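Notes follow once the structure below has been shown.
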Amino acid sequence: MTREDNEKRLARLKEIVRSMPEKPGSYQFYDDSRTIIYVGKAKRLKSRVSSYFHKEVDRYKTKVLVSKIHYISYTVVNTEEDALLLENNLIKKYAPRYNVLLKDGKTYPSICITNEYFPRIFKTRSINRKYGTYYGPYSHISSMYTVLDLIKKVCKPRTCRQPITREGVAEGKYKPCLEYHIHNCLGPCIGRQTYEEYQQSIAQAREILKGNTREVLKMLRAEMLQKAEELRFEEAEQLKQQYLTVEGFAAKSEVVSHTITNVDVFTITDAGQKNAYINYIHVTNGTITQSFTFEYKRKLVETDEELLLTAIPEIRERFQSKAREVIVPFEISWRLPDAEFFIPQRGDKKHLLDLSEMNGRQYKFDRLKQTEKLNPEQRQTRLMKELQQKLGLEKMPYQIECFDNSNISGTDAVAGCIVFKGMKPSKKDYRKYNIKTVTGPDDYASMQEVVRRRYSRMVDEGTPLPDLIITDGGQGQMSVVREVVEDELGLHIPIAGLAKDNRHKTNELLFGNPPQTIGIKTDSELFHVLTRIQDEVHRFAITFHRDKRSKHALHSELDDIAGIGPKTRDQLLKTFKTVKRIKEADIQMLTEAVGAHKAHIIHQHFH
């Protein structure tokens, strides 16, 4: 499209906007092929739609949407509640490209009660409402099986798939299956259970699936007492067992408050620019009967309010909720046609809101872990970005280096440098250092020697410098490293420190000059990675120090003989067992062990 054509297109669209009323309604944007690409709602149509064509619009996705619009239509309604419903219906009907997308799909199962003469009850992942009524979906499969097991014990619905008709039962066309003989079915197909009795059991099952266990208990108790009055004690006993089963199930359900009868709870957990997670909890008669988290994909950088407002009618319709009270985490400027929004500040309803938020955060955490298992690099990038943000670094700390000294009273002094790349140890880049210029136990001077040697060499060789140095210690270690790195070498490498408490346990991250404590939770994943770096440099330095001490401990007089190497030494010790016997051996015995030349050198050394 040429610039002139684009200007004509915008002029035509703005003309349409100018004629729009300041009334509630829904608007639709079309592309050049007259396909709906976006559906929106507005309390005042003209003001809302004109905002898309303001010059100061800086959102990239909004600019892309506007560049695709070739035609605008709108529908005026009486109230903002009607506008909300109309938008919801149009989105479902046309699935516009730029509208918010529900991502949960059909991966979770539901429970279906069929429309048959004798309805069946079973789990399914396929939804076709002409075949029956669906309850769910269930995000926790174990909860669904618990409910199905309860229905099987209490209501005993048939499990066979044969089509059963009233005429077929009257004509005796059917034979009972194994389920009837093991008392899991009461035999409606052969007339042992009447149509009315079966439908009463299905009604109980529906109440259980809705979470109305109190109603089921009332029905069972009334029927049980009636049977007892009629002296039908065996049937009364069966009803009593069913009553106890339902009562036990209800006791295991999370009871919030018996005063809360029918409430919906919605919270939203942000997952970055692309996604958000909306948790839904439904409470009936004080019991949580549904808890589900949906993932929504943003298309136009929608606000949390816009996203939640789009999701609430859709989720309520999916779960067939008629709750008149909807608990939300923040003020929503719109109204629902059949319910009121409520923001609790304390009490049981605030507990419900907190519970919903906790479920949303847990779902986000689970999805993040699942994604990072498939793509480990995503986790590393997330941790590097988090550390970059915490420390205010110019770039992500891809290469991190950490130093540690090890000595005993200044003897066998060594140091180690470990390198982490992408939050993972890069062992081929580890380096060991023997302390050369420091006498006695001076950790600060030893640290300065190692840092000076390492970064001077890296500068001379043109090796890439680290993005972050972490010192194993607090302000003192950071200062001595900074003196070398910045003052002597003139390098600009960020320096952080990991400090310990009185029990020698790492408890804080320091950064800056003068050093400041950086707020990182000690149980966070990032802090665990940092302590792992610290533990790794300890291990590396101590192992090097032990190896050096071991070599000194194993040193013998044979090591001081010029021309005698480790292999000859080992051969002599294997033959003569001790250095004393080697000293006492004559030239002939030594020649037999290691040859004439080396025998002469050894004999001359000792004699």
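We're numbering straight along the sequence, starting at 1. Since we're looking at a predicted model, the values are computed, not measured.
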Residue pair [X] / [Y]: nearest heavy atoms and the distance that separates them:
{"X": "Leu353", "Y": "Val265", "answer": "CA-CG1, 4.1 Å"}
{"X": "Thr310", "Y": "Pro313", "answer": "O-CD, 3.6 Å"}
{"X": "Ala83", "Y": "Gly25", "answer": "CB-O, 3.6 Å"}
{"X": "Ile533", "Y": "Ile418", "answer": "O-CD1, 3.3 Å"}
{"X": "Leu308", "Y": "Pro329", "answer": "CD2-CD, 4.0 Å"}
{"X": "Ile151", "Y": "Pro157", "answer": "O-CD, 3.7 Å"}

- When the ring centroid of Tyr135 is compared with that of Phe319, is the distance short of 6.0 Å? no

- Query: Are Phe29 and Tyr52 close enough that their ring centres sit under 6.0 Å apart?
  - Reply: yes

Close side-chain approach of [X] to [Y], heavy-atom, < 4.5 Å:
{"X": "Arg324", "Y": "Asn262", "result": "no"}
{"X": "Thr269", "Y": "Asn279", "result": "no"}
{"X": "Phe233", "Y": "Leu231", "result": "yes"}
{"X": "Pro425", "Y": "Arg532", "result": "yes"}
{"X": "Lys173", "Y": "Cys189", "result": "no"}
{"X": "Tyr198", "Y": "Leu186", "result": "no"}
{"X": "Ile278", "Y": "Thr267", "result": "no"}
{"X": "Ser26", "Y": "Val77", "result": "no"}

Distance-only donor-acceptor check, side chains [X] and [Y], under 3.5 Å:
{"X": "Tyr131", "Y": "Asn115", "answer": "no"}
{"X": "Glu237", "Y": "Gln241", "answer": "yes"}
{"X": "Glu508", "Y": "Thr517", "answer": "yes"}
{"X": "Ser201", "Y": "Gln199", "answer": "no"}
{"X": "Glu234", "Y": "Gln238", "answer": "no"}
{"X": "Ser333", "Y": "Glu305", "answer": "yes"}
{"X": "Asn275", "Y": "Glu295", "answer": "yes"}
{"X": "Tyr27", "Y": "Ser73", "answer": "no"}

Using a strict cut-off of less than 4.0 Å between a Lys/Arg side-chain nitrogen and an Asp/Glu carboxylate oxygen, indicate whether [X] and [Y] qualify as a salt bridge.
{"X": "Asp354", "Y": "Lys350", "value": "yes"}
{"X": "Lys349", "Y": "Glu325", "value": "yes"}
{"X": "Arg382", "Y": "Glu525", "value": "yes"}

[X] atom [atom1]: more than 12 heavy-atom contacts under 6.0 Å:
{"X": "His181", "atom1": "NE2", "result": "yes"}
{"X": "Arg97", "atom1": "CZ", "result": "no"}
{"X": "Lys227", "atom1": "NZ", "result": "yes"}

- Query: Think Lys421 forms a cation-pi with Tyr398, using NZ or CZ under 6.0 Å from the six-ring centre and within 45 degrees of its axis?
  - Reply: no

Straight-line distance of [X] [atom1] to [Y] [atom2], nearest 0.5 Å:
{"X": "Asp264", "Y": "Ser356", "atom1": "CG", "atom2": "OG", "value": "10.5 Å"}
{"X": "Thr79", "Y": "Leu84", "atom1": "OG1", "atom2": "CG", "value": "9.5 Å"}
{"X": "Ile202", "Y": "Cys155", "atom1": "CD1", "atom2": "SG", "value": "7.0 Å"}
{"X": "Gln388", "Y": "Thr381", "atom1": "CD", "atom2": "OG1", "value": "11.0 Å"}
{"X": "Leu526", "Y": "Met384", "atom1": "CG", "atom2": "CE", "value": "11.5 Å"}
{"X": "Tyr134", "Y": "Ser110", "atom1": "OH", "atom2": "OG", "value": "8.5 Å"}

- Query: Do Ile343 and Glu331 pass the side-chain contact (heavy atoms from CB on, under 4.5 Å) test, and can you show the C-alpha distance, the side-chain angles, and the key distance before you say yes or no?
  - Reply: CA-CA 7 Å; Ile343 308 170; Glu331 192 73 36; 3.7 Å; yes

Between [X] and [Y] (side chain of the first, backbone of the second, donor and acceptor by atom type, cut-off under 3.5 Å), is there such a pair?
{"X": "Thr114", "Y": "Pro119", "result": "no"}
{"X": "Asp31", "Y": "Ile69", "result": "no"}
{"X": "Lys390", "Y": "Gly519", "result": "yes"}
{"X": "Glu306", "Y": "Thr303", "result": "yes"}

- Task: Evaluate the ring planes of Tyr195 and Tyr117, with Trp represented by its six-membered ring, and classify them as parallel (under 30°), tilted (30 to 60°) or perpendicular (over 60°).
- Result: parallel

- Task: Apply side-chain hydrogen bond (donor to acceptor under 3.5 Å, both in side chains) to the pair Gln226 and Glu230, showing each step before the final yes or no.
- Result: CA-CA 6 Å; Gln226 182 182 348; Glu230 296 172 358; 3.3 Å; yes

- Give every residue pair that meets the salt bridge (Lys or Arg N to Asp or Glu O under 4.0 Å) criterion with at least one member in residues 147-169, sequence neighbours excluded. Glu116-Arg158, Asp149-Lys153

- Item | Step-by-step side-chain contact (heavy atoms from CB on, under 4.5 Å) determination, Phe294 to Ile315 | CA-CA 9 Å; Phe294 295 88; Ile315 294 173; 3.5 Å; yes

- Item | Chi angles and distances behind the side-chain contact (heavy atoms from CB on, under 4.5 Å) call for Gln28, Tyr38 | CA-CA 6 Å; Gln28 302 86 45; Tyr38 186 75; over 6 Å; no

- List in chain and number order the residues that pass side chain to side chain donor-acceptor pair (under 3.5 Å) with Arg192, two or more places apart in sequence or in another chain; answer none if no residue qualifies. Tyr180

- Test ring-ring contact (aromatic ring centres under 6.0 Å, His included) applied to Tyr296 and Tyr277, step by step: CA-CA 6 Å; Tyr296 279 84; Tyr277 303 113; 9.9 Å; no

- Quick one: list whatever passes side-chain contact (heavy atoms from CB on, under 4.5 Å) with Ala339, sequence neighbours left out. Arg316, Val326, Leu336

- Item | Residue of the set Leu391, Thr531, Ile470 for which side-chain contact (heavy atoms from CB on, under 4.5 Å) holds with Leu509 | Leu391

- Yes or no on side-chain contact (heavy atoms from CB on, under 4.5 Å) for Phe341 and Arg335, after CA distance, side-chain angles and deciding distance? CA-CA 7 Å; Phe341 291 120; Arg335 295 193 301 270; 5.8 Å; no

